[in-house]
Amino acid sequence: MKLAVWTYEGPPHVGAMRVATAMHGLHYVLHAPQGDTYADLLFTMIERLPHRPPVTYTTFQARDLGSDTAELFKRTLGDAYERFKPQAIMVGASCTAELIQDDPGGLGRTLGLPVPVVPLELPSYQRKENWGASETLYQLVRAFAGANAPEPGTHRPPRDPAARPSCNILGPTALGFRHRDDVDEITLLLQRLGVEVRVTAPRGASPADLARLGEADFNVVLYPETGEATARWLEKTFGQPRTQTVPIGIGATRAFIREVAELAGIDPSAELDREQSRLPWYSRSIDSTYLTGKRVFIFADATHAVAAARVAAHEFGFEVVGVGTYDRSFARDVRAVAEELGTEALITDDYLEVEDRIAELRPELVLGTQMERHIAKRLGIGCAVISAPVHVQDYPARRSPQMGFEGANVLWDTWVHPLMMGLEEHLLGMFRGDFEFHDDAGASHHGAAATARPAEPAPEPEPEQPANDADGPHWSQDADRELRKIPFFVRGKARRNTETFARERGFDTITIETLYDAKAHFAR
């Protein structure tokens with residue numbers, strides 16, 4: 001066992017909470033000790049939902065282990081039904097309660113409640129949060145849509161030509177990264193194409209809605225981590241095809257439109273001809289050349305990592321120097337896109353390995369989770385968050401999708417600004433000692449005169465030790481001090497070029513002269 005300060009995923013019952021909290025008419029009774037009762041913090045503090053999550057705990061304590069915890073569970077389950085009167089109840093155990101083997105599913109059946117009780121068996125010590133969300137949705141859909149399934153081998157009848165094509169949207173949950181806004185954006189896109197959205201699940205659905213999933217013509221899978229297993233079962237059981245493209249970025253959104261049009265039997269040309277995003281214009285503009293070739297490292301859940309890698313390389317003109325994910329279930333997809341872009345995939349759930357890789361590659365931009373945001377800040381690198389796990393600031397009150405044409409505009413803003421704002425930060429640093437811009441000067445736009453500088457100059461700071469690699473040329477303090485004068489958003493490239501220059505010439509130490517000689521060499 002390895003103790004970590006941060007984790008990318010919680011245990012699988014947290015994934016089950018994400019599904020239950022996203023739905024209505026469903027309640028989750030969780031056999032759990034007092035210390036596992038943190039759902040309220042996740043959803044009401046981080047996502048800032050206006051309602052409490054529909055989760056009831058047994059909250060047994062150490063002294064209860066000497067008595068009948070099974071009776072405690074049955075009593076809690078009965079009380080939860082009487083209080084909330086849901087359409088259906090899920091029952092399961094947290095990672096700690098799993099060890100006492102009380103069998104919540106079997107206990108739930110013995111009560112004879114007048115609503116369906118869906119047991120969840122989520123192996124907490126082998127699986128994690130995303131798998132838990134996927135398995136929960138799969139079990140719920142089988143329980144409610146399975147009753148309406150046709151006989152095996154029955155062919156799906158063709159759609160009535162007079163009827164509008166219809167689909168379901170699968171995958172969005174509570175505590176998902178921009179799931180609310182993505183669903184809004186893609187629903188509008190489908191409506192413009194003339195496709196009716198029957199059910200969005202689990203977000204916004206009820207158990208009764210899950211029962212009619214089989215009525216739609218096809219399924220749109222927005223988040224494969226949570227929706228893929230369910231979509232496969234619906235395809236096998238009801239003959240519903242599913243989309244394969246996640247519409248993040250201009251190219252993927254256009255491919256998604258064509259895919260939906262083919263499944264729905266409609267003409268997509270009107271929607272494809274509409275210019276709805278400013279990203280293509282920016283990519284063609286002279287300003288974008290400033291960012292061409294910027295080195296980018298990407299680490300996220302698989303859906304966002306794969307999409308971000310392709311958008312960064314093909315739509316922004318960045319150089320993707322590394323891509324990875326913490327979700328081993330989709331490692332093959334991430335390795336495939338890494339090979340496609342000529343880089344190496346990093347598959348790990350250890351944030352320290354991610355930090356080491358970022359420090360080694362020295363990118364100019366990091367696209368990742370809230371963990372990578374902290375890592376990038378510590379290393380002085382620009383960062384944009386593109387994936388869960390995230391913090392409260394990544395649940396904005398405004399609409400801020402990642403998907404569709406408007407999502408491409410959001411990507412432009414959030415990815416480009418950390419690089420562009422670097423110039424302003426550098427200028428502020430350059431002029432910090434100026435008589436007009438020092439820290440004690442008055443605000444110029446208020447008309448106040450600049451105050452005089454303190455009579456006693458501040459003591460000189462201790463010289464920073466150069467950040468030297470063990471296996472490369474060593475930087476002298478003067479050269480390192482000169483290097484730090486270069487704007488941080490191009491400093492990494494200057495450092496790499498200088499070290500390459502010194503290594504090729506067999507220099508053990510990089511001096512100021514070496515730095516300027518390298519600059520002249522690479523400027524030819």
Side-chain angles (χ1 to χ4, degrees), residues 5-10 14-15 17-19 21-22 38-51 53 128-130 133 171-186 202-204 222-223 225-226 246-249 296-309 311-312 323-327 349 351 354-355 358 365-379 381-404 406-421:
V5 176
W6 292 332
T7 58
Y8 288 99
E9 294 184 86
V14 173
M17 289 181 195
R18 288 172 52 193
V19 171
T21 305
Y38 47 77
D40 284 13
L41 293 177
L42 289 175
F43 298 99
T44 59
M45 186 185 78
I46 296 179
E47 192 171 6
R48 297 179 291 186
L49 294 179
H51 56 83
K128 293 190 176 180
E129 181 179 332
N130 280 342
T173 68
L175 211 66
F177 182 66
R178 308 289 168 82
H179 286 195
R180 175 200 65 185
D181 300 336
D182 287 347
V183 168
D184 288 347
E185 182 69 18
I186 298 306
R203 190 177 185 98
L222 291 189
Y223 308 100
E225 286 90 347
T226 50
V246 177
I248 297 179
V296 180
F297 178 85
I298 301 165
F299 193 87
D301 65 31
T303 293
H304 290 91
V306 169
V311 171
V323 59
T325 185
Y326 53 82
D327 192 340
D349 58 2
Y351 66 91
V354 180
E355 181 168 7
I358 293 173
L365 178 67
V366 173
L367 304 176
T369 72
Q370 68 166 328
M371 267 81 102
E372 283 66 51
R373 174 165 52 203
H374 292 306
I375 291 168
K377 183 177 181 180
R378 192 158 55 248
L379 296 176
I381 302 171
C383 180
V385 174
I386 63 168
S387 160
V390 292
H391 202 18
V392 61
Q393 69 192 82
D394 297 304
Y395 292 98
R398 69 184 186 281
R399 288 188 68 248
S400 185
Q402 298 287 285
M403 295 185 179
E406 185 60 28
N409 287 333
V410 173
L411 297 186
W412 171 19
D413 286 341
T414 55
W415 296 12
V416 168
H417 287 177
L419 294 168
M420 298 294 285
M421 294 304 290

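All of these numbers come straight from a predicted model, not from anything done at the bench. The analysis underlying the following values was restricted to heavy atoms, covering all of them including side chains, and did not include hydrogens, waters or symmetry mates.
Put simply, NE2 on His51 and OG1 on Thr21 are 7.5 Å apart, with the number rounded to the nearest 0.5 Å. Taking CD1 of Ile386 as the start and CG of Asp394 as the end, the distance is 11.5 Å to the nearest 0.5 Å. Distance CD/Gln370 to CD1/Ile375: 11.0 Å, rounded to 0.5 Å. Between atom CG of residue Asp327 and atom CD of residue Glu9 there is a gap of 5.0 Å, rounded to the nearest 0.5 Å. Note that OH of Tyr351 is 11.0 Å distant from NE2 of His374, once rounded to the nearest 0.5 Å. To the nearest 0.5 angstrom, Leu175 atom CG is 6.0 Å from Arg18 atom CZ.
Closest heavy-atom contact between Tyr326 and Asp301: OH-CB, 3.4 Å. Residues Ala384 and Leu365 share a closest heavy-atom pair of N-CD1, 4.4 Å. Across all their heavy atoms, Ala300 and Ser387 have their closest contact at CB-CB, 3.3 Å. Scanning all heavy atoms of the two residues, the minimum distance from Ile186 to Gly404 falls at CD1-N, 4.1 Å. Contact between Pro396 and Arg178 at its shortest, heavy atoms only, is CD-NE, 3.6 Å. Summarising the geometry of Ala174 relative to Glu47, their closest heavy-atom pair is C-OE1, 3.6 Å, with the distance given to 0.1 Å.
Phe297 places none of its side-chain heavy atoms less than 4.5 Å from the side chain of Ile381. Under the 4.5 Å side-chain criterion, counting only non-hydrogen atoms from C-beta, Pro53 is not in contact with Met17. Side-chain contact between Arg48 and Val392 is present, with at least one heavy-atom pair separated by less than 4.5 Å. Using a 4.5 Å heavy-atom threshold, the side chains of Val410 and Pro401 count as touching. Put simply, the side chain of Cys383 does not reach to within 4.5 Å of the side chain of Leu367, judged on heavy atoms. No side-chain heavy atom of Glu355 sits less than 4.5 Å from a side-chain heavy atom of Met371. Counting only heavy atoms from C-beta outward, the side chains of Met403 and Pro247 approach each other to under 4.5 Å. Side-chain contact between Ile358 and Leu379 is present, with heavy atoms from C-beta onward closer than 4.5 Å.
Aromatic ring pairs are classed by plane angle as parallel below 30°, tilted from 30° to 60° and perpendicular above 60°; the pair Phe299 and Tyr8 is tilted.
Between Asp181 and Arg398, no side-chain nitrogen of the basic residue sits less than 4.0 Å from a carboxylate oxygen of the acidic one, so the salt-bridge criterion is not met. A salt bridge is absent between Arg203 and Asp182; no separation between the charged side-chain nitrogens and carboxylate oxygens falls under 4.0 Å. Between Glu406 and Arg399 there is no salt bridge, since no side-chain N of the basic residue sits under 4.0 Å from a carboxylate O of the acidic one.
Using a distance-only test at 3.5 Å, with no hydrogens or angles considered, no donor-acceptor pair links the side chain of Arg373 to the main chain of Gly368.
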Checklist entry - Can you check side-chain contact (heavy atoms from CB on, under 4.5 Å) on Glu372 and Ile298, steps first, answer last? => result CA-CA 9 Å; Glu372 283 66 51; Ile298 301 165; over 6 Å; no
Next on the checklist: Between Val246 and Tyr223, does the side-chain contact (heavy atoms from CB on, under 4.5 Å) criterion hold? Intermediate values first, please.
Outcome noted: CA-CA 8 Å; Val246 177; Tyr223 308 100; over 6 Å; no
